Chemist: 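One structure is given below, represented as structure tokens, and several questions about it will come after.
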Amino acid sequence: MSLSHLERLEAESIHILREVVAECEKPVMLYSIGKDSAVMLHLAQKAFFPGKLPFPLLHVDTTWKFREMIAFRNETARRIGAELLVHTNEEGLAQGITPFGAGSRTYTDVMKTEGLKQALNHYGFDAAFGGARRDEEKSRAKERVFSFRNAEHRWDPKNQRPEPWKLYNTRKKPGESIRVFPLSNWTEIDVWSYIAEQNIPVVPLYFAKPRPVVKRSGALIMVDDGRLPLEQGEVPEFKMVRFRTLGCYPLTGAVESEADTLDDIVTEMRESRSSERQGRLIDHDGAASMEKKKQEGYF
Amino acid sequence: MVSSPSSTRIKVDDPVLPDQKTLLRFITCGSVDDGKSSLIGRVLFESGSVPDDQLVTLDTDSKKFGTQGAALDYALLVDGLSAEREQGITIDVAYRYFATSKRSFIVADTPGHEQYTRNMATGASNADLAIILVDARKGILPQTRRHSLIVSMVGVKNVIVAVNKMDLVDYSPFVFQAIEHAYHDIAKTLNIPNVIVIPVSAVAGDNIAAPSARTPWYNGPSLIEYLETVDVQSNASDAGFAMPVQWVNRPDSSFRGYSGLIASGRISPGDAITIVPGGREAIIDRIVTFDGDRDQAMTGQSVTLTLDREVDISRGDVISTISEPVSASKVVSTQVLWMSAEPLDPQKSYLAKLATTTVSALVKAPDTVLDVENYQDKVVEKVGINAIFKTRVSFDRLIAVAPYNNNRDLGSFILIDRLSNEVVALGLVDGLIPSDLGKARTRVTLTSLPFRHDPLKRSLMKTSSFALGTLLLGFIMWPLSLKWPPALYGFAIAEIFFFLVHELLWARARWGLAGEVKFLSAGEGI
């Protein structure tokens, strides 16, 4: 008998999680509330069972997340008894930076990238887990599982550490840090299959339901609260939609779907002919946009 | 928009549920012009793994960066970094994922150029299989020999030689067969047991997903068919049980578990185990997981074990069965791939990370390195980047270790520079050098002599030895000086000489001085 595909992925991810806890001084898990974070958190519970998580969860809150995400986040931390740290870039907030007007480019940079760097510096974390997968985007496909960052949090794609076998070099100088991606080798379908198999709770936004949306540059944007400025003549319309990926609500496109159970989602996924990040507006700025953001310290 | 000259796409509706599929990890090696990225892009496309929005992007990108004129340039599906797009080459390992109805695949797309040998070795280290690309127009090149060597060095047993660009040699069976024969010679030299040579065209799509009508003389499987069916079962679960302890799980005083990934074998509660190194023994009490206790665990699983008694175990120790314990050694014979621009320094103490242990290591400078293209030894003065050589590595203490061929996890290591924190080399253990065991025991005996670190005892011993010497000299000189009085001068001179020699000898003896007594161990001697 040999291990199945998902069993191998699970064992590999648990090995990565334990390696960081054994070798790094102050790790943290970046918890972004989505399905990948849900799987990563579940794997961490497995890795350290029967103990609790030996590190806190950190959520960089841009203040523009879906309300259901925030409720789910608080509930999850309570359910598993984890320490939850929430950080918001107050300077950015004070400058009045929003996902509108100035454009999403500055917004992501200030509220997400800067916010993340502030939090990591503030607490002095030397290793941060992230739920990114290599199948998401081309520059991620070339990133190591243990992704080294200098004191300015910059990624140098041309000078990555070799990572043969299961041997990860975690040594670093003061101020330097490592971003660690335990789900590097998982694909979107693996994540959903695992969620279904393990019965992992996820944010209800992933399941189809009639929700108020408006159509903008081809994407269906949900009107989650009164802060979304409606253009003239724009009337929110109830549509049966769900989300494949979750982020800030004004920047995350919904897909029209009837899939309201895990099985339906897995089936829909297999038949799908588009990639999940299509719904993310920030990736489309240019061919190398994610690579550039990562070099600047984005996760 | 997208035209596919080669027959059918693989159907997306799966008869096998994804959670029951097996996983195949493979690496692709080839050089700048072999069309390696095109081949992977083509495989992704043919297996239906490219989403529509990415195909639209590909269409735009093909016109902007493409090298195929108006046609789709499949290479652009995999060349990710902007630096690579500008130069049209692959500089780092890119991982790709796709699945067919039978298997899930993880592809490590590795750069072929010699300066990126280390990246290729990294990709190959975890691969079950390698696809080596050969340009049909050029045949076997020195780089083909280099890629094959690295692949065989890290123990990849299955190789597919994809003879690409068959469309450019008019699908000639003679061209193909010449390459096939030449490659089988290489495989024989390198002991690669399982080799298949397939004629393909990444651009035209021949023999990628289905047999091509343009190669009627080829009766073998298409590339994807072969990937789906090749048997790559590892035999690691038949070996004796070994689990390097990764982390000691102690949430409270009532629980003490040892967590790790099982490197080989199987284990059940009740099994007798021994800790390597050290030899302490215990019985497995429970196999603890989040989903409940298990009756058995096997190679490749991450588990937490508890024991029936308190044993001192820390990260780096290996839990092993008493019946078939893992060996331990301080000195090993190895094959090393040097990955740093900084040459090997045999005087320098590197850090070696092997499984979950990190120890200091000295690496003997080899007399020769392997010529990666003709497989002969060549004499070098310095060991520089991308050199492959055999040498001895000595650790500063006894660690659990096994030959790479018997146990991958316990037979592979990386070397790290302490100052720069750079990974300077990867290594594979060929064999254990046991001569050191005797020396290690001698050291214990010597350092446990009485009166160690005792200056007072040293003074007393020194005074006594001086008195004894003087007395002995007196016994010789006294009868002489009775017969011939001037001999007393000789006695005085001899006494002064004895004093000097005595001081000199004691200055050399460290015995009884404060501080650690040091003896060279065999490891430090070489």
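Computed from a predicted structure; not experimentally measured. Every chain is numbered from 1 and lettered A, B, ... according to where its sequence line falls, protein lines coming before strand lines.
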Chemist: CD1/Ile416(B) to OG1/Thr170(A) distance, rounded to the nearest 0.5 angstrom?
Modeler: 7.0 Å

Chemist: Do you know which of Gly300(B), Ala355(B), Pro251(B), Ser259(B) has the most heavy-atom pairs under 4.5 Å to chain A?
Modeler: Ser259(B)

Chemist: Do Val288(B) and Phe49(A) make a side-chain contact, defined as non-hydrogen atoms from C-beta onward lying under 4.5 Å apart?
Modeler: yes

Chemist: Using non-hydrogen atoms only, which part of Ile106(B) is less than 4.5 Å away from chain A: side chain, backbone, both, or neither?
Modeler: side chain

Chemist: Counting only heavy atoms not in Asp295(B), do more than 12 sit closer than 6.0 Å to its CG atom?
Modeler: no

Chemist: Are any of the side-chain heavy atoms of Asn421(B) and Lys173(A) separated by less than 4.5 Å?
Modeler: yes

Chemist: Of the backbone (N, CA, C, O) and the side chain (C-beta and beyond), which part of Leu415(B) lies under 4.5 Å from a heavy atom of chain A, both, or neither?
Modeler: neither

Chemist: Is Asp252(B) close to chain A through its backbone or its side chain, or both, or neither, when contacts mean heavy atoms under 4.5 Å?
Modeler: neither

Chemist: Side-chain donor-acceptor pair under 3.5 Å between Gln301(B) and Glu7(A), yes or no?
Modeler: no

Chemist: Run the side chain to side chain donor-acceptor pair (under 3.5 Å) test on Thr304(B) and Arg18(A) for me, step by step, so that the C-alpha distance in whole Å, both residues' side-chain angles and the decisive distance to 0.1 Å come before the verdict.
Modeler: CA-CA 11 Å; Thr304(B) 298; Arg18(A) 287 174 175 165; 3.2 Å; yes

Chemist: Do Gln246(B) and Glu23(A) have side chains that approach each other closer than 4.5 Å (heavy atoms only, starting at C-beta)?
Modeler: no

Chemist: Salt-bridge test for Glu422(B) and Arg171(A): reply yes if a basic N is under 4.0 Å from a carboxylate O, no otherwise.
Modeler: no

Chemist: Under 4.5 Å from any heavy atom of chain A, what part of Thr358(B) do you find: side chain, backbone, both or neither?
Modeler: side chain

Chemist: Does any non-hydrogen side-chain atom of Phe48(A) lie less than 4.5 Å from one of Phe290(B)?
Modeler: no

Chemist: Checking Glu163(A) side chain against Thr122(B) main chain: does a donor-acceptor pair fall under 3.5 Å?
Modeler: no

Chemist: Evaluate the side-chain proximity of Val20(A) to Trp247(B): yes if any heavy-atom separation is below 4.5 Å, no if none is.
Modeler: no

Chemist: Name the region of Leu351(B), side chain, backbone, both or neither, that has any atom closer than 4.5 Å to a heavy atom of chain A.
Modeler: side chain

Chemist: Would one find more than 12 heavy atoms of other residues, nucleotides or ligands at under 6.0 Å from atom NZ of Lys26(A)?
Modeler: yes

Chemist: Taking side chain as everything from C-beta outward and backbone as N, CA, C, O, which of these in Thr289(B) sits under 4.5 Å from a heavy atom of chain A? Side chain, backbone, both or neither.
Modeler: backbone

Chemist: If you define the side chain from C-beta out and look only at heavy atoms, does anything of Leu261(B) sit under 4.5 Å from Lys166(A)?
Modeler: yes

Chemist: Please classify the contact between Arg250(B) and chain A as side chain, backbone, both or neither, with a heavy-atom cut-off of under 4.5 Å.
Modeler: neither

Chemist: With a 4.0 Å cut-off, would you call Asp135(A) and Arg96(B) a salt bridge?
Modeler: no

Chemist: Indicate yes or no for a side-chain donor-acceptor contact from Lys353(B) to the backbone of Tyr168(A) under 3.5 Å, with no hydrogens or angles considered.
Modeler: yes

Chemist: Determine the minimum heavy-atom distance between Asn249(B) and Pro50(A), stating which atoms define it.
Modeler: ND2-CD, 3.7 Å

Chemist: Decide yes or no on side chain to side chain donor-acceptor pair (under 3.5 Å) for Tyr95(B) and Asn185(A), but give the supporting numbers first.
Modeler: CA-CA 8 Å; Tyr95(B) 292 89; Asn185(A) 287 323; over 6 Å; no

Chemist: Which answer fits Arg134(A), side chain, backbone, both or neither, if we ask what part of it has an atom under 4.5 Å from a heavy atom of chain B?
Modeler: both

Chemist: Heavy atoms only, distances under 4.5 angstrom: which of Ser125(B), Gly257(B), Gly123(B) has the most pairs with chain A? Name it, please.
Modeler: Ser125(B)

Chemist: Within the structure provided, determine whether Pro162(A) and Leu426(B) are in side-chain contact (heavy-atom separation under 4.5 Å).
Modeler: no

Chemist: Counting only heavy atoms closer than 4.5 Å, note whether Val303(B) contacts chain A via side chain, backbone, both or neither.
Modeler: backbone

Chemist: On a heavy-atom basis, which atom in Arg118(B) and which in Gln160(A) lie closest, and how many Å separate them?
Modeler: NH2-O, 3.6 Å

